[in-house]
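A short write-up of the structure that comes next.
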Amino acid sequence: MPKRVGILTGGGDCPGLNAAIRAVVRRLLPENIETIGILKGWKGALEKETMPLGVDEVAGILPRGGTILRTSRTNPLKHDGGLEKTVKNLEGLGIEALVAIGGEDTLGVASKLFEAGVKVVGIPKTIDNDLSGTDMTFGFDTAVSIATEAIDRIHTTAESHDRVMVVEVMGRYTGWIAAYSGIAGGADAILIPEEPFSLEEVVRIVKKRHERGRDFSIVVVAEGAKFGDVAEKNMLVVQDARMDEFGHVKLGGIGNVLAREIEDQTGYETRVTVLGHIQRGGTPTAFDRVLATRFGVFAAGLVLDGKFGHMAALRGMQIADIPLKEATGQVKKLDKKIFEVAKVFFG
Ligand code: F6P
């Protein structure tokens, strides 16, 4: 049994991270296992930045958004000798096992560390819900609730002004947030990265709706949705094309491009709202608090059972353990059946 366990949170933050940290600490405490927080994801492992994590440090953090451990998109594999340095630093800190909380990027590094001999377990998180191997990640339910509330609010002003309102939500590779919030908010069209869309089709949908007497429309678009029918096919709209250490560009702006096209091609007054990081901030929903807590307790159990190289995952209503490798390599695309449901209400 390890005497000291490290925990870190990596990648974009999301509501529920603190609930998961608290759960790991509280489950390991009665086993007389000390937990130590590694700050700013893999950056803290490279730079040996840590904080103690006892009962006092995790008191009151359950409903708090963000992560008390901070986070970063640092990728040790992109630093000279970064993997070896991480292994050495963990040893130097007396960390005998590690709980890595993150999405595909963070868990990908965790998987590499496991291959290098580190005793690591994973906890899946991301508002995008695009991680393979688990039916759901915490953070997603909160993001959907926030986006749905925003769409509800946008609805009333859209109706007052007879406008088309474009709502841009997060979702780098997948349309989970767009589809769920769009269905919940009664969107008239939803555009997702999985299905490059044609402007012609969006214009047709909006016009059809207005022709049947509705004077306003709500179009939800995921930031990673792509135009399929313009000169540069499958073109992504980016804010900044420079890549981070995991090879991601900064997305954002497709809503503006789309709104302009809709207005030009229909003549209907159109506005855009970009929800951005509002979807990632603030207190988690009860669902996410419970899911994060279940994942945390389960991952601590994996440490106690010596099941390293594995992570907690939601399968149906149950928490299961799956190899870390299953979560990485490919994203979990939006379930086609969900999108079929959404399409019933288009136009
Ligand atoms: O990883 C989830 C996510 O919220 C994506 O949907 C989004 O593209 C990205 O993070 C934004 O990351 P950052 O906060 O680093 O700009």
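Numbers here are sequence positions counted from 1. We count ligands from 1, going down the list as the structure has it; atoms in each ligand are counted the same way. Nothing here was measured: the structure is a model prediction, and the numbers come from that model.
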Region of D128 engaging ligand 1 - heavy atom pairs below 4.0 Å
side chain
Where on Q279 is there a heavy atom closer than 4.0 Å to ligand 1, on the side chain, on the backbone, on both, or on neither?
neither
For K250, is at least one N or O under 3.5 Å away from an N or O on ligand 1?
no
How long is the span from the CZ atom in F140 to the CD1 atom in I177, to the nearest 0.5 Å?
6.5 Å
Could you give the distance from CG (L28) to CD1 (I7), rounded to the nearest 0.5 Å?
7.0 Å
At what distance is the nearest protein heavy atom to [atom], and which residue and atom is it?
{"atom": "atom 16 (O) of ligand 1", "result": "H277 NE2, 3.6 Å"}
{"atom": "atom 8 (O) of ligand 1", "result": "E223 OE2, 2.6 Å"}
{"atom": "atom 12 (O) of ligand 1", "result": "R73 NH2, 2.8 Å"}

Within 6.0 angstrom of R242 CZ, more than 12 heavy atoms from elsewhere:
no
NZ of K48: more than 12 outside heavy atoms within 6.0 angstrom?
yes
Side chains of D162 and H210: do they bring a donor and an acceptor to under 3.5 Å?
no
Does the side chain of T71 come under 3.5 Å of the side chain of D13 through a donor N or O and an acceptor N or O?
no
Which ligand 1 atoms, with their elements, are less than 4.0 angstrom from a heavy-atom of [X]?
{"X": "G171", "value": "6 (O)"}
{"X": "M170", "value": "4 (O), 6 (O)"}
{"X": "I127", "value": "4 (O)"}
{"X": "R280", "value": "3 (C), 4 (O), 9 (C), 10 (O), 11 (C), 12 (O), 13 (P), 14 (O)"}

Does H248 reach ligand 1, in the sense of a heavy atom lying below 4.0 Å from it?
no
Relative to W176, does K333 satisfy both conditions: NZ or CZ under 6.0 angstrom from the six-membered ring centre, and within 45 degrees of the ring's axis?
no
Answer yes or no: is there a donor N or O on one side and an acceptor on the other, between the side chain of E168 and the main chain of I254, under 3.5 Å?
yes
